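Heads up, the thing below is written out as structure tokens.
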Amino acid sequence: MAWFGRFVQLANVKNSARPTNPNHFLTSLSHFSSTAGPAPAAAVRSRQPNLAPTRPDEKPRVVVLGSGWAACRLMKGLDTKAYDVVCVSPRNHMVFTPLLASTCVGTLEFRSVAEPIARIQPAISTAPGSYFFLANCTGVDPDDHSVQCETVTDGISSLEPWKFKITYDKLVVALGAEASTFGIHGVNENAIFLREVHHAQEIRRKLLLNLMLSDVPGISEEEKRRLLHCVVVGGGPTGVEFSGELSDFIMKDVHQRYAHVKDFIHVTLIEANEILSSFDDRLRRYATKQLTKSGVRLVQGVVKDVKSQKIILNDGTEVPYGLLVWSTGVGPSPFVRSLQLPKSPGGR
């Protein structure tokens, strides 16, 4: 927790160096006003703060929307001596997604796959004109060279979102994608995706909870099999990787620590075509062999409906589950689709 100690030190330094003049703080907000120059204190109080256009004597401002692979790679390589960088994202870290599946079963800890944005690009927390804002972008005005933002709030007792505007000299839209559900009923309500750290945390919590519940006296064998049936929909890299991690967890941990229910837990991977369809045929055959060898059941089918305790395939087959992980590919986010900008055939 070295970063937290550094954070406390910085807070103490800032507190000890706080000026006695109460107007100093209001004056420092003038850079966020809608005018380029300093504004009177009364005007600052009444006007919605915005990040104003850069002046000729200031560095050009690059606004980056997103904190994923593309956004972080660009910010890491950006020359902060020539540009100020402002990052807007609802997530203050980058997730190393290839290792996310390992955190679901405890092979890796969650902090091992998340890197703070300020560590990737230190300028956003040290340079005077560079910032990170925990917010969602709600609109882009190319004519005004500005983006409208809204702060991220969480919980029923949280503050109302604060809206503000940022003027840019250059804009980078790197908002990534979202999981594709193909409009199938019940997916968002009952399935868990595997794209963020909180998804992996929920999978881990659900998996351990079902293991505990299945060992309670009085639970029928049918209910045990349902609780301990882990279904993965989607045979792409994420689905195959997660299925493999889960089967390893079952063989190495569950069989030793949960001996009473070890014969009830199993994994089913459902794919409409072939697993890893975008890979070489030899790799597909190898992956199929390894998954089958480790106890993963491969089912070829299309999901028609998702209910709270079972999924229904297009041939009418009902598959009960205790844990459902959805990894059927990604598509552009609603915000990207709403932008009136040139897009690729896939909507990116």
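Because the structure is predicted, anything quoted here is derived from the model rather than measured.
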- request: Test Ser327 against Thr238 for side chain to side chain donor-acceptor pair (under 3.5 Å), laying out the working first.
  value: CA-CA 6 Å; Ser327 60; Thr238 301; 5.8 Å; no
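- Electrostatic pairing of Lys81 and Asp79 does not count as a salt bridge here, judged by no charged N lying under 4.0 Å from a carboxylate O.
- Across Phe335 and Cys137, no two heavy atoms sit closer than the pair CE1-O, 3.3 Å.
- We find the NE2-CH2 distance between His199 and Trp326 to be 14.5 Å, quoted to the nearest 0.5 Å.
- Between Arg225 and Glu222, none of the side-chain N atoms (NZ, or NE/NH1/NH2) sits under 4.0 Å from a carboxylate O, so this pair counts as no salt bridge.
- Within the 4.5 Å cutoff, the side chain of Gln121 has no heavy atoms near those of the Lys76 side chain.
- Of all heavy-atom pairs spanning Thr80 and Ala123, the tightest one is CG2-CB, 3.6 Å.
- With hydrogens and angles ignored, the 3.5 Å screen pairs no side-chain donor or acceptor of Glu196 with any backbone N or O of His198.
- Between Ile265 and Leu211 there is a side-chain heavy-atom pair separated by less than 4.5 Å.
- Minimum heavy-atom separation, His93 to Ala114: CD2-CB, 3.7 Å.
- In terms of hydrophobic clustering, with Ile, Leu, Val, Met, Phe, Trp and Tyr side chains grouped at heavy-atom distances under 4.5 Å, Met212 and Leu208 are assigned to a common cluster.
- Partner of Tyr286 under the side chain to side chain contact (heavy atoms under 4.5 Å, CB included) criterion, chosen from Arg282, Gln290, Lys289: Gln290.
- The backbone N or O of Arg284 lies less than 3.5 Å from a partner atom in the side chain of Thr288, making a donor-acceptor pair.
- Evaluated for a side chain to side chain contact (heavy atoms under 4.5 Å, CB included) with Gln309, the options Glu318, Arg226, His229 yield exactly one hit, Arg226.
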- prompt: What's the verdict on side chain to side chain contact (heavy atoms under 4.5 Å, CB included) for Leu298 and Leu291, showing C-alpha distance, side-chain angles and the deciding distance?
  reply: CA-CA 8 Å; Leu298 301 178; Leu291 288 175; 4.2 Å; yes
CA sep, side-chain torsions, deciding dist, call: Glu245, Ser102, side chain to side chain donor-acceptor pair (under 3.5 Å): CA-CA 6 Å; Glu245 288 282 358; Ser102 300; 2.7 Å; yes
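- For the atom pair CD1 (Ile270) and OG1 (Thr328), the distance works out to 12.0 Å, reported to the nearest 0.5 Å.
- Contact of the Val231 side chain with the Val233 side chain is registered, since non-hydrogen atoms from C-beta on lie closer than 4.5 Å.
- Checked by atom type and distance alone, the side chain of Arg61 never pairs as donor or acceptor with a backbone atom of Lys170 at under 3.5 Å.
- Other residues, nucleotides and ligands contribute only 12 or fewer heavy atoms inside 6.0 Å of the CD atom of Glu160.
- Partner of Ile250 under the side chain to side chain contact (heavy atoms under 4.5 Å, CB included) criterion, out of Val267, Val105, Val296: Val267 alone.
- You'll find the side chain of Ile117 stays beyond 4.5 Å of the side chain of Ser89, heavy atoms only.
- Within the 3.5 Å criterion, the main-chain N or O of Gly129 finds no donor-acceptor partner in the side chain of Lys59.
- Side-chain contact between Glu58 and Pro56 is absent, with no heavy-atom pair separated by less than 4.5 Å.
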- request: Walk me through it: do Ile219 and Leu213 pass the test side chain to side chain contact (heavy atoms under 4.5 Å, CB included)?
  value: CA-CA 8 Å; Ile219 299 291; Leu213 291 177; over 6 Å; no
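- Not one N or O on the side chain of Ser333 forms a donor-acceptor pair closer than 3.5 Å with the backbone of Glu178.
- Contact of the Thr167 side chain with the Leu51 side chain is not registered, since no non-hydrogen atoms from C-beta on lie closer than 4.5 Å.
- Looking at Asp315, its side chain does come within 3.5 Å of a backbone N or O of Thr317 through a donor-acceptor pair.
- Atom CZ of Arg297 sits in a sparse spot, with 12 or fewer heavy atoms from other residues, nucleotides or ligands closer than 6.0 Å.
- Clustering ILVMFWY residues whenever any of their side-chain heavy atoms sit less than 4.5 angstrom apart, transitively, puts Val62 in a cluster other than the one holding Val173.
- In this structure, Leu227 and Asn210 approach most closely via the heavy-atom pair O-ND2, 3.2 Å.
- Connection of Phe193 to Trp69 is not established within any shared hydrophobic cluster, with ILVMFWY side chains joined at heavy-atom distances below 4.5 Å, either directly or through further cluster members.
- A salt bridge links Glu109 to Arg204: one of the charged nitrogens lies within less than 4.0 Å of a carboxylate oxygen.
- Within the model, atoms CE of Met75 and CE of Met94 stand 9.5 Å from one another, a figure rounded to the nearest 0.5 Å.
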message: Between Asn188 and Thr181, is the side chain to side chain contact (heavy atoms under 4.5 Å, CB included) condition met? List the steps.
response: CA-CA 8 Å; Asn188 289 317; Thr181 63; 3.8 Å; yes
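- Counting heavy atoms from C-beta outward, Val303 and Ile312 have side chains that stay 4.5 Å or more apart.
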task: For ring-ring contact (aromatic ring centres under 6.0 Å, His included), just list the numbers for Trp162 and Phe133, CA-CA rounded to whole Å, side-chain angles, deciding distance to a tenth of an Å, and then say yes or no.
output: CA-CA 11 Å; Trp162 177 259; Phe133 297 125; over 10 Å; no
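- Although no hydrogens or angles enter the test, the distance criterion places no donor-acceptor pair under 3.5 Å between the side chain of Ser130 and the main chain of Ile124.
- With rounding to the nearest 0.5 angstrom, the OH atom of Tyr168 is 8.5 Å from the CG atom of Asp144.
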message: Let's go through Ser247 and Ser294 carefully: what are the C-alpha distance in whole Å and the side-chain angles of both, what is the deciding distance for side chain to side chain donor-acceptor pair (under 3.5 Å) to 0.1 Å, and is it a yes or a no?
response: CA-CA 6 Å; Ser247 63; Ser294 63; 3.3 Å; yes
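- Distance alone, capped at 3.5 Å, is enough to place a donor-acceptor pair between the Arg195 side chain and the Ala177 backbone.
- Checking Asp169 against Thr54 by side-chain atom types alone, a donor-acceptor pair falls below 3.5 Å.
- Across every non-hydrogen atom of Lys343 and Val336, the tightest pair is CE-O, 2.8 Å.
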message: Show, in sequence, the C-alpha distance, side-chain angles and deciding distance for Phe242 and Val325, and conclude whether the side chain to side chain contact (heavy atoms under 4.5 Å, CB included) test is met.
response: CA-CA 9 Å; Phe242 176 70; Val325 177; 3.5 Å; yes
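- Atom SG of Cys104 is separated from atom CG of Leu99 by 11.5 Å, given to the nearest 0.5 angstrom.
- In this structure, CG in Asp263 is found 7.0 Å from NE2 in His255, a value given to the nearest 0.5 Å.
- With hydrogens and angles ignored, the 3.5 Å screen pairs a side-chain donor or acceptor of Tyr321 with a backbone N or O of Ser308.
- Formation of a donor-acceptor pair under 3.5 Å by the Ser112 side chain with backbone atoms of Leu108 is not found in this model.
- Within the 4.5 Å cutoff, the side chain of Asp305 has no heavy atoms near those of the Ile311 side chain.
- Remark: Lys224 is positioned above the aromatic ring of Phe264, its terminal NZ or CZ atom under 6.0 angstrom from the ring centre and at most 45 degrees off the axis.
- For the pair Leu207 and Cys230, the tightest heavy-atom approach, listed with the atom from each and the gap, is CD1-SG, 3.9 Å.
- Transitive grouping of hydrophobic side chains (ILVMFWY, heavy atoms separated by less than 4.5 Å) brings Val299 and Phe182 into a common cluster.
- Around atom CZ of Phe110, more than 12 heavy atoms belonging to other residues, nucleotides or ligands sit under 6.0 Å away.
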